[in-house]
Each structure stands twice: as C-alpha cells, then as structure tokens.
Amino acid sequence: MSEKIALITGANKGIGFETARQLARTGVHVIIGSRDRAKGVAAALKLQAEGLEVEALAIDVTHLGSIGEAAREVERKHGRLDILINNAGVMLEDYAKKPTEQTLEAWRKTFDANVFGVVAVTQVFLPLLKKSAAGRIVNLSSILGSNTLHSDPASPIYNFKVPAYNASKSALNAWTVHLAYELKDSKIKVNAAHPGHVKTDMGGAQAPMEIVDGAKTSVQLALLGPDGPNGAFIHLGETLPW
Ligand SMILES: NC(=O)c1ccc[n+]([C@@H]2O[C@H](COP(=O)([O-])OP(=O)(O)OC[C@H]3O[C@@H](n4cnc5c(N)ncnc54)[C@H](OP(=O)(O)O)[C@@H]3O)[C@@H](O)[C@H]2O)c1
C-alpha cells in the first residue's frame, strides 16, 4: 500500500493532464482517464517520456458500461483506488445567448457529463476507494457554481450567466456535501475544487491563470492529510461560498 493509485477522468488534456503530471511527480501512480482511448495513450506516453509513472485507461463518464469496464480494470491491476479526481467536464452553451435561450439539449448534455457522470463514476469506484487507507475524492467544480456569488451584483462572476454549466456545478457542489456526509465517519474525504479561470480549451486563451497553477487545487485536495477538510469548496487553500 506504499504507492498511491490515482484516477483522473478527462486527463488527456487541460487541467486533468497537468494534474496527472504534478501528482505523478509526487510519486503517485496516475491512471489517465480519457473517453478516447488513443488520446489517453498519447497523453500517457508524453508523461512517461518525462520519466513519470502513469498509465492510460478508457473511461467515458456518460456511459455506465465504460465506467464499469474501467473499474474492473483498475481492480484487476491495482486492487484498490486511493485518489479519484472527477475532472472531466463540458461547457456547451452559446455565451451570446440569454439564459432562457439556451437549448434543452445543451442542459441535458451538460448535466449528463458534469453531474450524472460524476455520480456514476463515484458510485462504481467507491468500493475500490473504501479499500484505500485514506481515500480522497476531488470534484472539479467551478466558482460559477456559487449561488451566493451569482446573486451578488458586486461579485466578479455576477454577469457570467451560462445557466446549464453554472447549475451543473451547483448540483455537483450539492452532491459533494451529501457524499461528504455519507463518508464523514470513514477514511475517505471528498471536496469540491475551483481550479481558477484557466487557459485551456474550455477556459479560453484569454483566461488569466496558467495551466500549471490551475492544477494546484486538485493536487492539494488529492494529497490532503488526515486533518484536511471534508465537504468543502476550495480554491488554492481558500474556502469559497456555496
Ligand atoms: N478552464 C477553466 O477555467 C475551468 C474553470 C472552472 C472549472 N473548470 C473545470 O475543470 C475541469 C477541467 O476543465 P478544462 O478546462 O481542463 O477543460 P478541457 O480542456 O475542455 O478538458 C476537459 C476534459 O474532459 C473530458 N471529457 C469531456 N466529456 C467527457 C466524457 N463524457 N467522458 C470522459 N471525459 C470527458 C475531455 O475529453 P475530450 O478531449 O475527449 O473532449 C477533456 O479531457 C472541468 O470539470 C471544468 O468544468 C475549468
């Protein structure tokens, strides 16, 4: 049990990929989850070329069959999971449209990946996390999921109303609180992370934060010690309002 095993969903690019790199540098064995197997293998080869201990695993968080197959592979190879980072996510809305003009299809696809996908992956991998000496679950939320800040005209996110994405992260925050309650007497901690507004395909080239910094909150929450929080909403060590 000396080496920790981590699974990061959506780790073939962006914040997930950089989180894989930073976690592997600390000596964690990282499983790079990707819905496209070839993209995951390419990402793993890149980090292996840097001397890091990573492997690729196909997992589409919107397909139960894919999640089950991935869990069976992790169980067969490692027998347990120490860290689960629910990083995969989508933002599908048209920024130019008003909240009432976003399509129902965008709402459904957003919730499928950002909410139901996380719940499904967590349910399927929980038995493996329970075999860890100190399981950690990190849910990649967003400050855009904060209803407290969305209702404050003085807040920096007040004008950023992309409703399906924002509501999906609010729902993810609620799930984090409920899961933390269920796990409060166990060795597992679960927290929601806001990575920052990060330069990725999702965050856009104009985002103020570099990817190297955008991965830090996930890494910190993945490596929390026994005195760390459970059921918190965190950005770089600071607690955010729900
Ligand atoms: N960037 C920001 O400023 C920012 C801010 C706050 C929160 N976040 C959150 O941070 C997380 C990572 O974002 P990012 O900026 O790194 O985004 P990104 O560059 O767009 O990467 C998203 C990742 O999720 C994967 N993914 C999407 N749907 C999936 C599915 N059904 N199954 C498995 N993987 C799937 C993508 O795979 P493909 O390559 O196959 O599409 C990709 O690997 C997301 O949850 C996002 O909401 C980002």
Side-chain angles (χ1 to χ4, degrees), residues 7-22 30-44 46-47 56-70 84-93 95 106 108-122 124-125 137-146 149 156-157 160 162 164-173 175-176 191-219 221-222 233-236 240:
L7 168 62
I8 307 172
T9 62
N12 53 286
K13 68 175 185 179
I15 295 166
F17 179 70
E18 178 59 24
T19 305
R21 173 185 275 138
Q22 292 183 21
V30 178
I31 304 168
I32 295 184
S34 68
R35 59 178 159 181
D36 180 315
R37 190 181 294 274
K39 285 184 187 170
V41 169
K46 205 167 162 189
L47 294 185
L57 178 72
I59 176 167
D60 183 331
V61 305
T62 59
H63 285 97
L64 259 186
S66 163
I67 299 168
E69 222 173 279
L84 170 62
I85 303 185
N86 287 305
N87 170 84
V90 294
M91 187 190 262
L92 304 168
E93 287 152 287
Y95 299 85
R108 288 209 164 100
K109 285 189 171 161
T110 303
F111 268 66
D112 227 10
N114 296 3
V115 185
F116 307 138
V118 175
V119 174
V121 169
T122 306
V124 172
F125 277 90
I137 301 172
V138 183
N139 292 332
L140 266 284
S141 179
S142 168
I143 196 169
L144 294 175
S146 170
L149 296 177
I157 63 159
F160 206 76
V162 280
Y165 180 84
N166 296 354
S168 76
K169 296 300 187 183
S170 308
L172 180 61
N173 285 350
W175 162 247
T176 304
N191 291 289
H194 167 54
H197 184 195
V198 186
K199 279 187 188 66
T200 62
D201 288 349
M202 183 188 289
Q206 305 309 316
M209 194 180 250
E210 299 299 328
I211 295 188
V212 69
D213 294 318
K216 285 182 180 164
T217 302
S218 297
V219 173
L221 292 176
F233 184 21
I234 305 278
H235 171 63
L236 291 175
L240 297 179

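Note that ligands are numbered from 1 as they come in the structure, with each ligand's atoms numbered from 1 the same way.
Using a 4.5 Å cut-off on side-chain heavy atoms (C-beta onward), I85 and L140 make contact. Counting heavy atoms from C-beta on, the side chains of I143 and L149 come closer than 4.5 Å. Taking the side chain as every heavy atom from C-beta outward, N114 and Y165 approach each other to under 4.5 Å.
Counting only non-hydrogen atoms, the option in G16, S34, A58, P195 that gets closest to atom 6 (C) of ligand 1 is P195. Within the set G214, G203, A207, G196, the minimum heavy-atom distance to atom 4 (C) of ligand 1 is found for G196. Which of V61, I211, V90 comes nearest to atom 32 (N) of ligand 1 through a heavy atom is settled by distance: it is V61. With distances taken over non-hydrogen atoms, the option nearest atom 39 (O) of ligand 1 out of N12, T217, L92 is N12. Remark: among candidates L140, T110, N87, I8, the nearest residue to atom 44 (C) of ligand 1 is N87, based on non-hydrogen atoms. Distances from atom 22 (C) of ligand 1 to the heavy atoms of G14, G145, G89 put G89 nearest.
Protein heavy atom closest to atom 2 (C) of ligand 1, with residue, atom name and distance, is V198 N, 3.6 Å. Among all protein heavy atoms, the one lying closest to atom 18 (P) of ligand 1 is K13 CE, 3.8 Å. Closest to atom 35 (C) of ligand 1 among all protein heavy atoms lies A88 CB, 3.6 Å. With respect to atom 31 (N) of ligand 1, the closest heavy atom belonging to the protein is D60 OD1, 3.0 Å.
Here K109 does not pair with D112 in a salt bridge; the nearest charged N to carboxylate O distance is not below 4.0 Å.
Atom CG of L57 sits about 8.0 Å away from atom OG of S34, to the nearest 0.5 Å. Rounding to the nearest 0.5 Å gives a distance of 8.5 Å between CE of M91 and NZ of K169.
For G204, the heavy-atom gap to ligand 1 stays at 4.0 angstrom or more. Contact analysis leaves M209 out of contact with ligand 1, as no non-hydrogen atom separation drops below 4.0 angstrom. Judged by the shortest distance from any of its heavy atoms, S141 lies inside the 4.0 Å radius around the atoms of ligand 1. Residue contact check for ligand 1: Y165 places a non-hydrogen atom closer than 4.0 Å to it. Assignment of I59 to the shell around ligand 1 is supported, since a heavy atom sits closer than 4.0 Å.
The shortest heavy-atom contact between F17 and A43 is CE1-O, 3.6 Å.
With sequence neighbours left out, A44 forms a side chain to side chain contact (heavy atoms under 4.5 Å, CB included) with I32, Q48, V54, A56. For the ring-ring contact (aromatic ring centres under 6.0 Å, His included) test, no residue two or more places apart in sequence or in another chain qualifies with H197.
Looking at ligand 1, you'll find an N or O of T200 within less than 3.5 Å of one of its N or O atoms. Of the N or O atoms in R35, one or more lie within a sub-3.5 Å distance of an N or O in ligand 1. When only interatomic distances are considered, the shortest N/O to N/O separation between G10 and ligand 1 falls below 3.5 Å.
Side chain of T217 to main chain of L236: a donor-acceptor pair is present (N/O by atom type, distance under 3.5 Å, no hydrogens or angles). With E18 contributing its side chain and G214 its backbone, the two residues share no donor-acceptor pair below 3.5 Å.
Within a 6.0 Å radius of NE2 in H63, other residues, nucleotides and ligands contribute 12 heavy atoms or fewer.
Neither the backbone nor the side chain of M91 has a heavy atom within less than 4.0 Å of ligand 1.
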